[in-house]
Amino acid sequence: MKLFKKRPDFLKTLAQQDWTPRGLWTSFSRLLRLNYLRILRLKASAHSIALGAALGIFVGFLPIIPFQSVTVIALALLFRANKIAAFSCTWISNAFNVIPFYYMLYVVGSHVLPFQVEFDPHHLELKELIAEGWRLTVLMSTGGLVMGIPSAVAMYFLTLRAVLTYRRRRAMRLLKKRQHHLL
């Protein structure tokens, strides 16, 4: 019966939450920091963590939001990358920023590919929208590849450096602590 017990402390905390933009930004930044520290503290090789983060960012740039989790876990298994880091880094595209994010992919893809897709639903019939669907998908996927590949490369090196720096500093702190206790 404890499983179904109501949690008044949770409801109280939720009611006390600061719902102003500043409060939401503070909560969001704390969540980002928590995930950043979780990735740094993973018990895996620095290369595996960095490769997982790079795969996560790359898949995050692809316009496949419902299938990102499955895709990134399969790629992490294939490349022997850290699955937790890979899954965590797909946050780059999420439900809150999907419209501007997909529009950005559309704009980048339309600058790269020679064809254009008019996206004006007031002047297109449903039959024409369905016919243009594959072009829109190709445009957005191209935009995702153009932006995802350099982002993934940058993420690999940034994460590798962050993990190695974190581990070196942690080792130094532990060494100083051990020396202090010996004296």
Side-chain angles (χ1 to χ4, degrees), residues 2-4 7 9-10 13-14 17 23-109 112 133-134 136-175 177:
K2 282 187 175 184
L3 242 125
F4 299 107
R7 298 206 34 214
D9 54 331
F10 171 74
T13 306
L14 192 60
Q17 177 71 29
L24 291 175
W25 176 251
T26 303
S27 298
F28 179 70
S29 64
R30 288 180 69 205
L31 183 65
L32 279 179
R33 173 108 175 120
L34 176 68
N35 283 330
Y36 170 74
L37 290 174
R38 278 186 186 157
I39 289 172
L40 290 182
R41 294 174 181 160
L42 287 171
K43 303 277 189 235
S45 71
H47 168 72
S48 173
I49 294 170
L51 186 59
L55 286 172
I57 290 294
F58 175 72
V59 171
F61 270 101
L62 297 178
I64 56 170
I65 279 192
F67 307 109
Q68 284 180 341
S69 319
V70 175
T71 305
V72 80
I73 297 299
L75 286 174
L77 286 170
L78 181 68
F79 289 106
R80 295 185 179 173
N82 188 282
K83 289 162 264 331
I84 296 171
F87 182 76
S88 297
C89 288
T90 59
W91 60 267
I92 193 82
S93 61
N94 54 53
F96 297 112
N97 70 354
V98 71
I99 294 171
F101 193 79
Y102 276 10
Y103 181 71
M104 175 187 64
L105 296 180
Y106 167 77
V107 169
V108 170
V112 173
W134 72 270
L136 186 62
T137 304
V138 168
L139 277 176
M140 289 174 56
S141 296
T142 303
L145 288 173
V146 167
M147 296 189 68
I149 291 172
S151 298
V153 171
M155 186 65 159
Y156 175 82
F157 289 110
L158 288 172
T159 306
L160 184 66
R161 182 174 177 160
V163 169
L164 292 175
T165 302
Y166 172 78
R167 289 179 178 177
R168 186 180 72 244
R169 287 181 181 170
R170 184 171 183 266
M172 293 300 287
R173 277 194 312 265
L174 291 174
L175 184 62
K177 191 176 185 180

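Index from 1, following the sequence.
Residues that satisfy the side chain to side chain contact (heavy atoms under 4.5 Å, CB included) test with F79, not counting sequence neighbours, are L51, L55, L75. Applying the side chain to side chain donor-acceptor pair (under 3.5 Å) rule to Y166 yields the partners R41; only residues at least two apart in sequence or on another chain are considered. Scored by the side chain to side chain contact (heavy atoms under 4.5 Å, CB included) test, R30 finds T26 as partners (sequence neighbours excluded). In this structure Y156 satisfies the side chain to side chain donor-acceptor pair (under 3.5 Å) test together with H47, sequence neighbours excluded. Remark: L42 engages I49, N82, I84, A85 in a side chain to side chain contact (heavy atoms under 4.5 Å, CB included) (not counting sequence neighbours).
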Please tabulate, for side-chain N and O atoms in residues 59-73, each donor-acceptor pair with protein atoms closer than 3.5 Å (sequence neighbours left out).
from: Q68; atom 1: NE2; to: G60; atom 2: O; distance (Å): 3.4
from: Q68; atom 1: NE2; to: S93; atom 2: OG; distance (Å): 2.7
from: T71; atom 1: OG1; to: F67; atom 2: O; distance (Å): 2.7

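Listed here is the closest heavy atom pair of A76 and K83: CB-CG, 3.7 Å.
Screening R173, R167, M172 for a side chain to side chain contact (heavy atoms under 4.5 Å, CB included) involving R169 leaves a single residue, R173. Partner of Y103 under the side chain to side chain contact (heavy atoms under 4.5 Å, CB included) criterion, chosen from I99, V107, L105: V107.
In this structure, the side chain of T90 engages the main chain of F87 through a donor-acceptor pair within 3.5 Å.
Distance check: I39 CD1 to C89 SG gives 4.0 Å after rounding to the nearest 0.5 Å. For the atom pair CG of L160 and OG of S48, the computed distance is 11.0 Å after rounding to the nearest 0.5 Å. Residue R33 holds its CZ atom at 13.0 Å from CZ of R38, rounded to the nearest 0.5 Å.
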